[in-house]
Amino acid sequence: MLYKFVRKLLQWLFKVVFRCKISGAEHIPLSGGLIIAANHASNWDPPMAAVFALRPVCFMAKQELFAVPVLGQIIKQLYAFPVKRGSGDRGAIKTALQILKKGDCLGLFPEGTRSHDGKMHKPEAGIAFIAAKANVPVIPTALVGAADIFGEKTKFPKLKIRYGMPMVFQGNPADRDELQAFSQQIMDEIEKMITIEQNK
């Protein structure tokens, strides 16, 4: 109930206040395990990537947030689960795989953390590992304008979300170089879509 309410509220906020334009949502399968992979330059990115995805999306969130009174309980009800950043958290990876094997949708940021300079950073191999281990497709997702929400340049930017075609890892899941290459392919596709949206 809380997820549905928050989703509707944020859809209104993004569409009406921030004039958000969404394209490519038809590429998202309505069932089966799936990863939504997006660029990450703002705290607004998780809800922005999730609320128009046509199905609930589970995101990792830093462990410290779950210790905050009230907030911790709220984000749990919004399908977030904790991760220890910078430690290769095996528990979080196990949870991510369980989510995908149940046929649910997982949201991940290939860069592993938020970019503070707005530039695309080198992705980590983790997203490819999880996609390969769970044998699920990845939807590259371009988020444009979120970093400017309530910023100094413009408080009400025009947002754009573009969901790309599904990408499937077809290499050797035990080969780290192939995993890294697939993660880079995802980031390259996201960057290409961002450029397309910025030039419209």
Side-chain angles (χ1 to χ4, degrees), residues 1-11 13-14 28 31-117 120-141 143 146-147 149-150 161 163 169 173 176 179-180 182-183 186-187 190:
M1 289 295 292
L2 179 62
Y3 188 94
K4 289 181 179 180
F5 171 75
V6 172
R7 181 182 181 186
K8 288 293 184 183
L9 178 64
L10 289 174
Q11 284 178 340
L13 177 69
F14 287 138
I28 302 174
S31 61
L34 176 72
I35 295 175
I36 299 288
N39 54 301
H40 193 18
S42 166
N43 289 328
W44 289 90
D45 293 332
M48 187 173 167
V51 297
F52 297 107
L54 306 179
R55 54 190 294 191
V57 182
C58 308
F59 273 96
M60 293 183 183
K62 60 183 181 180
Q63 183 175 277
E64 295 83 352
L65 294 177
F66 291 85
V68 178
V70 183
L71 176 62
Q73 292 301 315
I74 291 175
I75 60 177
K76 280 183 182 178
Q77 293 185 53
L78 297 178
Y79 304 133
F81 61 97
V83 59
K84 298 177 183 177
R85 295 190 301 174
S87 64
D89 189 341
R90 293 184 179 182
I93 293 174
K94 182 178 179 180
T95 300
L97 292 172
Q98 289 173 342
I99 288 168
L100 295 170
K101 289 178 179 179
K102 283 194 304 180
D104 293 331
C105 186
L106 175 69
L108 292 176
F109 300 110
E111 296 159 285
T113 188
R114 183 160 57 98
S115 169
H116 294 283
D117 57 11
M120 303 277 286
H121 293 174
K122 181 179 178 180
E124 298 181 356
I127 186 170
F129 172 79
I130 292 172
K133 192 77 172 175
N135 192 28
V136 298
V138 177
I139 299 291
T141 304
L143 307 177
I149 294 178
F150 302 131
I161 305 170
Y163 299 103
F169 179 74
R176 184 171 180 82
L179 292 173
Q180 187 64 55
F182 183 63
S183 292
I186 295 169
M187 287 299 294
I190 293 171

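- The ring-ring contact (aromatic ring centres under 6.0 Å, His included) check on F66 picks up nothing, with sequence neighbours excluded.
- Using a 4.5 Å cut-off on side-chain heavy atoms (C-beta onward), S183 and F129 make no contact.
- Nearest approach of S42 to A146, heavy atoms of both residues: OG-O, 3.3 Å.
- With sequence neighbours excluded, the residues satisfying side-chain contact (heavy atoms from CB on, under 4.5 Å) with R114 are H40, N43, H116.
- If you take CD1 on I186 and CD1 on I127, they are separated by 4.5 Å, rounding to the nearest 0.5 Å.
- No donor-acceptor pair closer than 3.5 Å links the side chain of Y79 to the backbone N or O of L106.
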Enumerate donor-acceptor pairs with a distance under 3.5 Å from any side-chain N or O in residues 50-65 to protein atoms, sequence neighbours excluded.
{"unit_1": "R55", "atom_1": "NH1", "unit_2": "P29", "atom_2": "O", "d": "2.8"}
{"unit_1": "R55", "atom_1": "NH1", "unit_2": "G32", "atom_2": "O", "d": "3.1"}
{"unit_1": "R55", "atom_1": "NH2", "unit_2": "G32", "atom_2": "O", "d": "2.8"}
{"unit_1": "R55", "atom_1": "NH2", "unit_2": "G103", "atom_2": "O", "d": "2.9"}

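- When all heavy atoms of P140 and I190 are compared, the closest pair comes out as CB-CG1, 3.8 Å.
- Applying the side-chain contact (heavy atoms from CB on, under 4.5 Å) test to K8 and every residue at least two apart in sequence or in another chain returns Q11.
- The line from CG of L2 to NZ of K76 is 14.0 Å long, rounded to the nearest 0.5 Å.
- Separating the CD1 atom in I35 from the CZ atom in F169 is a distance of 12.0 Å, to the nearest 0.5 Å.
- Here the shortest heavy-atom pairing between A128 and L179 reads CB-O, 3.1 Å.
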Could you list the donor-acceptor pairs under 3.5 angstrom formed between side-chain atoms of residues 94-101 and any protein atom two or more places apart in sequence or on another chain?
{"unit_1": "T95", "atom_1": "OG1", "unit_2": "G91", "atom_2": "O", "d": "3.1"}

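- Between the side chain of E111 and the backbone N or O of A38 there is no donor-acceptor pair closer than 3.5 Å.
- Put simply, the side chain of I36 reaches to within 4.5 Å of the side chain of I139, judged on heavy atoms.
- What you find for V138 and A131 is that their closest heavy atoms are CG2-CB, 3.7 Å.
- Taking all atoms of both residues into account, the shortest heavy-atom contact from N39 to D45 is O-OD2, 3.8 Å.
- V68 pairs by the side-chain contact (heavy atoms from CB on, under 4.5 Å) definition with L71, not counting sequence neighbours.
- Taking both residues in full, the closest heavy atoms of T141 and I161 are given as CG2-CG2, 4.1 Å, listed atom of the first, atom of the second, then distance.
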